[in-house]
Peer 1: 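Take this structure, written in structure tokens, and hold onto it; I'll ask about it next.
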Amino acid sequence: MARNEEKAQSMLNRFITLKNEEKKKPKERRPFLASECRDLAEADKWRQQIMREIGRKVAEIQNEGLGEHRLRDLNDEINKLIREKTHWERRIVELGGPNYAKHSAKMTDLEGNIVDVPNPSGRGPGYRYFGAAKKLPGVRELFEKPPELRKRKSRYDIYKRIDASYYGYRDDEDGVLEKVEGPAEKRMRAAKMADWEELEEIKREARKAVKSGEVASVAPTGILFEEEEDVVEEERRAAREKESEKEREFVVHVPLPDEKEIERMVVEKKKMELLSKYASEGLLEEQSEAKAMLNIHR
């Protein structure tokens, strides 16, 4: 008996479910073309539906164990839905709705950096990769940045930016340096002029003392510097040399031997020393007698 009641109950449940489904409106299908939609609310509803499908597939593609083929298929489906979403967003703008494309998400690489992949057609975003699809063979290389090759600068590139400002020739153009150095330059110039006048006075006193033969006297406030002492000492030395040259002048009354004569005498002297060292006295006497007989005087 219980078996029949269960059957009747299950049949009743199926009947009630069937009646409820008949009362519902037929399930609407999303239009194939966004341009066929004339209602802003309907267009927004279809966009929201596409967004939910994209979110579901993006969550599914995060699983790396799905296999390469399944990951590629999911990635293709997501890109297709993104293109369809772009069409609906453009249609919403045409119907007077908000522009959702301004705040759309950007594609990022494995490190979270935003990567812009342009579309070869020039319309809308290019092909994107999501989740585990970024780690597929041949895809990882797309996100790797090529190493930056630092080009070595040539001598021309180094000197190209060097101008007069580099050497400080334009420091006076702004007028700041002139205001700062003006007072200091005047003080230095006045000090140098005072030193030069004092040095000239000392030189004049030294010249007078050298001519008169007296000791030069300097004002008690003046101090002889090293350069001034050298000048005075040089003038005194020149005066003493002139006096010594006058004393050394004399007249020679006898002829003086020249260089050849002096050289001959030195050779003769050395020759006599060698003969006296190695020759006997008898040999020297015979040699002198022979020279006398031959009338040789050298």
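Atom set for the values below is all heavy atoms of this structure, side chains included, hydrogens, waters and symmetry mates excluded.
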Peer 1: Please answer: with hydrophobic residues joined when any side-chain heavy atoms are less than 4.5 Å apart, are Trp46 and Val93 in the same cluster?
Peer 2: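 Each belongs to a different hydrophobic cluster.
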
Peer 1: Can a cation-pi geometry be assigned to Arg161 and Tyr166, taking NZ or CZ under 6.0 Å from the six-membered ring centre and within 45° of the ring axis?
Peer 2: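 Relative to the ring axis of Tyr166, which defines the angle, Arg161 lies outside at least one limit.
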
Peer 1: With salt bridge (Lys or Arg N to Asp or Glu O under 4.0 Å) as the test, pick out the partner of Glu77 among Arg83, Arg72, Lys57.
Peer 2: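 Testing each of Arg83, Arg72, Lys57 against Glu77, the sole residue satisfying salt bridge (Lys or Arg N to Asp or Glu O under 4.0 Å) is Lys57.
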
Peer 1: State whether the side chain of Arg91 and the backbone N or O of Cys37 hold a donor-acceptor pair below 3.5 Å, judged by distance alone.
Peer 2: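 Yes.
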
Peer 1: Any side-chain heavy atom of Leu66 within less than 4.5 Å of one from Glu60?
Peer 2: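 Leu66 reaches Glu60 side chain to side chain.
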
Peer 1: To the nearest 0.5 Å, tell me how far Arg47 CZ sits from Lys85 NZ.
Peer 2: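 Here the rounded value is 5.5 Å.
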
Peer 1: May I ask you to check whether Tyr127 and Asn75 show a side-chain donor-acceptor distance below 3.5 Å?
Peer 2: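 Result is yes, a qualifying pair exists.
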
Peer 1: Between the side chains of Glu84 and Lys80, is the shortest nitrogen-to-carboxylate-oxygen separation below 4.0 Å, so that they form an ion pair?
Peer 2: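 The answer is no: the pair does not qualify as a salt bridge.
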
Peer 1: Quick check: do Trp88 and Pro31 have side-chain heavy atoms less than 4.5 Å from each other?
Peer 2: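 Yes; the side chains approach each other to less than 4.5 Å.
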
Peer 1: Under the side-chain contact (heavy atoms from CB on, under 4.5 Å) rule, what do Ile162 and Tyr167 come out as? Steps first, then yes or no, please.
Peer 2: CA-CA 8 Å; Ile162 295 178; Tyr167 296 101; 3.6 Å; yes

Peer 1: Less than 4.0 angstrom from a charged side-chain N to a carboxylate O is my criterion; do Arg264 and Glu261 meet it?
Peer 2: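 Salt bridge flag = yes for Glu261 with Arg264.
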
Peer 1: Which distance, rounded to the nearest 0.5 Å, do you find between the CE of Met51 and the CD1 of Ile82?
Peer 2: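 Interatomic distance, Met51 CE to Ile82 CD1, rounded to 0.5 Å: 9.0 Å.
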
Peer 1: Among all residues two or more places apart in sequence or in another chain, which pass the side chain to side chain donor-acceptor pair (under 3.5 Å) test with Arg56?
Peer 2: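 Scan of Arg56 (side chain to side chain donor-acceptor pair (under 3.5 Å), adjacent residues dropped) gives none.
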
Peer 1: Let's go through Gln62 and Val58 carefully: what are the C-alpha distance in whole Å and the side-chain angles of both, what is the deciding distance for side-chain contact (heavy atoms from CB on, under 4.5 Å) to 0.1 Å, and is it a yes or a no?
Peer 2: CA-CA 7 Å; Gln62 303 299 324; Val58 168; 3.7 Å; yes

Peer 1: Lys271 vs Glu268, test: salt bridge (Lys or Arg N to Asp or Glu O under 4.0 Å). Steps then yes/no.
Peer 2: CA-CA 5 Å; Lys271 184 177 179 182; Glu268 188 70 24; 5.3 Å; no

Peer 1: Please lay out, stage by stage, how Glu185 and Arg189 fare under the test salt bridge (Lys or Arg N to Asp or Glu O under 4.0 Å).
Peer 2: CA-CA 6 Å; Glu185 183 180 358; Arg189 188 183 297 275; 3.2 Å; yes

Peer 1: Is it true that Ile50 and Ile78 fall in one hydrophobic cluster, defined by side-chain heavy atoms closer than 4.5 Å?
Peer 2: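 Hydrophobic grouping puts Ile50 with Ile78.
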
Peer 1: Return the set of residues passing side chain to side chain donor-acceptor pair (under 3.5 Å) with Lys45 (not counting sequence neighbours), or none when no residue passes.
Peer 2: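 Per chain and number, Lys45 pairs via side chain to side chain donor-acceptor pair (under 3.5 Å) with Glu28, Glu42.
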
Peer 1: Please determine whether the number of non-hydrogen atoms from other residues, nucleotides or ligands lying under 6.0 Å from atom CD of Gln48 exceeds 12.
Peer 2: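 More than 12 heavy atoms, drawn from other residues, nucleotides or ligands, come within 6.0 Å of this atom.
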
Peer 1: Hey, what else clusters with Leu33 if you join Ile, Leu, Val, Met, Phe, Trp, Tyr whenever side-chain heavy atoms sit under 4.5 Å?
Peer 2: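 In the cluster with Leu33 are Phe32.
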
Peer 1: Is the shortest heavy-atom distance from the side chain of Phe130 to the side chain of Leu74 under 4.5 Å?
Peer 2: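 Not touching, per the 4.5 Å side-chain cut-off.
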
Peer 1: Under 4.5 Å between any side-chain heavy atoms of Arg90 and Glu94, yes or no?
Peer 2: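 In contact.
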
Peer 1: Is the backbone of Lys153 close enough, under 3.5 Å, to the side chain of Asp157 for a donor and an acceptor to pair up by distance?
Peer 2: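 Between the backbone of Lys153 and the side chain of Asp157 there is no qualifying donor-acceptor contact (under 3.5 Å).
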
Peer 1: So for atom CD, which belongs to Glu200, do other residues, nucleotides or ligands contribute more than 12 heavy atoms lying within a distance under 6.0 Å?
Peer 2: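 Count over threshold, so yes.
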
Peer 1: Side chains of Thr86 and Tyr100: does their closest heavy-atom pair fall under 4.5 Å?
Peer 2: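 In short, these two side chains do not touch, never coming nearer than 4.5 Å.
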
